Amino acid sequence: MTAILVIDDEPAVCSVIKLLLGREGLTVVTCADGQAALNVLPTQDFAAALIDLGLEPVQGRHVIESVRAAKPALPIVVMSGVLVGEADDHLPGLHAEIEGLHRLPKPFKPQSLIELVSSIMTPRRKEVETARAAAVAG
């Protein structure tokens, strides 16, 4: 199974994401705050991280920057209600054009979450399959 790291201080959001992505065959590790996430990040090889921008006391932006510094290739999904209808200049440094950075406005529809995570996971699954095939052949 592939693990997704979800960082959100709302237990209901974590539970819903865990349920929805679990149905898609993904393992979901949830953290209720940024510090817990930064502690668990090095313990597993996560396929993606879903991070609430409004985290406290360690702000979501700091968690995003720390995750990006620790795992530069890890896809990050920024979740927040402020993403709805906001221009990129309201979130400096978190532009949608940054490779591997995705946005998921809250509240989100289950299908939007599933489609976004699937679009992130498809290339990563192909990489894993190719690596396994090469290991078997080699």
Side-chain angles (χ1 to χ4, degrees):
M1 283 192 173
T2 303
I4 305 292
L5 178 60
V6 176
I7 309 152
D8 199 305
D9 54 2
E10 296 178 55
V13 171
C14 289
S15 294
V16 167
I17 292 174
K18 191 169 193 167
L19 176 71
L20 292 170
L21 296 182
R23 289 180 182 167
E24 299 297 310
L26 300 171
T27 299
V28 177
V29 175
T30 61
C31 294
D33 64 69
Q35 189 57 56
L38 297 177
N39 291 340
V40 78
L41 185 64
T43 68
Q44 291 190 45
D45 186 23
F46 292 101
L50 284 68
I51 305 171
D52 178 27
L53 190 59
L55 289 171
E56 294 293 335
V58 179
Q59 294 184 349
R61 183 182 309 275
H62 174 72
V63 175
I64 292 165
E65 291 168 353
S66 297
V67 169
R68 177 60 75 219
K71 306 235 178 187
L74 183 69
I76 296 174
V77 175
V78 180
M79 304 183 295
S80 179
V82 298
L83 297 176
V84 178
E86 294 290 327
D88 279 341
D89 57 300
H90 287 93
L91 300 168
L94 298 179
H95 299 293
E97 296 80 31
I98 296 173
E99 188 173 340
L101 186 67
H102 310 271
R103 293 173 173 227
L104 183 64
K106 283 180 170 179
F108 54 84
K109 294 180 180 173
Q111 194 59 37
S112 297
L113 169 70
I114 292 167
E115 288 174 0
L116 177 57
V117 172
S118 292
S119 73
I120 293 168
M121 297 304 300
T122 299
R124 295 186 67 82
R125 285 182 175 156
K126 287 181 181 176
E127 289 173 14
V128 169
E129 290 171 8
T130 302
R132 284 184 186 154
V136 169

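Counting begins at 1 with the first residue of the sequence. All values reported here derive from a predicted model rather than from experimental measurement.
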Any side-chain to backbone donor/acceptor pair from R68 onto V63? Under 3.5 Å, distance only.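 No; zero donor-acceptor contacts below 3.5 Å.
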
To the nearest 0.5 angstrom, please state how far the NZ atom of K18 sits from the OG1 atom of T27.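 If I round to the nearest 0.5 Å, the distance is 9.0 Å.
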
P110 versus L20, closest heavy-atom pair with distance: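 Reported closest heavy-atom pair: CB-CD1, 3.7 Å.
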
Any L41 side-chain heavy atom under 4.5 Å of L74 side chain: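 In short, these two side chains touch, coming nearer than 4.5 Å.
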
Side chains of D8 and I17: closer than 4.5 Å at any heavy-atom pair?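 Side chain of D8 against side chain of I17, heavy atoms only: no contact under 4.5 Å found.
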
Between P75 and A47, what is the shortest heavy-atom contact and its length?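 It is CD-O, 3.3 Å.
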
Residue pair M79 / K106: nearest heavy atoms and the distance that separates them: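 Distance-wise, the nearest heavy atoms are CB-CE, 4.1 Å.
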
Which heavy atom in I4 sits nearest to a heavy atom in F46, and how many Å separate them?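 In terms of heavy atoms, the two residues are closest at C-CD2, 3.8 Å.
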
D9 vs D52 side-chain heavy atoms within contact, under 4.5 Å: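 Of all side-chain heavy-atom pairs linking D52 with D9, at least one is under 4.5 Å.
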
Measuring only between side-chain heavy atoms, which start at C-beta, is V78 closer than 4.5 Å to L101?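 The answer is yes; the side chains approach within 4.5 Å.
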
Which pair of heavy atoms, one from A48 and one from I120, lies closest together, and at what distance?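 That closest heavy-atom pairing would be CB-CG2, 4.2 Å.
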
Do L21 and M121 have side chains that get closer than 4.5 Å, going by heavy atoms?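 They are not in contact (no side-chain heavy atoms under 4.5 Å apart), so the answer is no.
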
List the atom of V40, the atom of C31, and the distance in Å for their closest heavy-atom pair.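 Taking V40 first and C31 second, the nearest heavy atoms are CG1-SG, 3.5 Å.
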
For atom CD of Q44, is the number of surrounding heavy atoms from other residues, nucleotides or ligands below 6.0 Å larger than 12?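 Check passes, neighbour count above 12.
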
How many angstroms lie between atom OG of S66 and atom CD of Q35, to the nearest 0.5 angstrom?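 The OG atom of S66 sits 8.5 Å away from the CD atom of Q35.
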
Is any side-chain heavy atom of I51 closer than 4.5 Å to one of V67?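 Touching, per the 4.5 Å side-chain cut-off.
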
Any side-chain heavy atom of E24 sitting closer than 4.5 Å to one from V117?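 A side-chain contact under 4.5 Å is absent here.
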
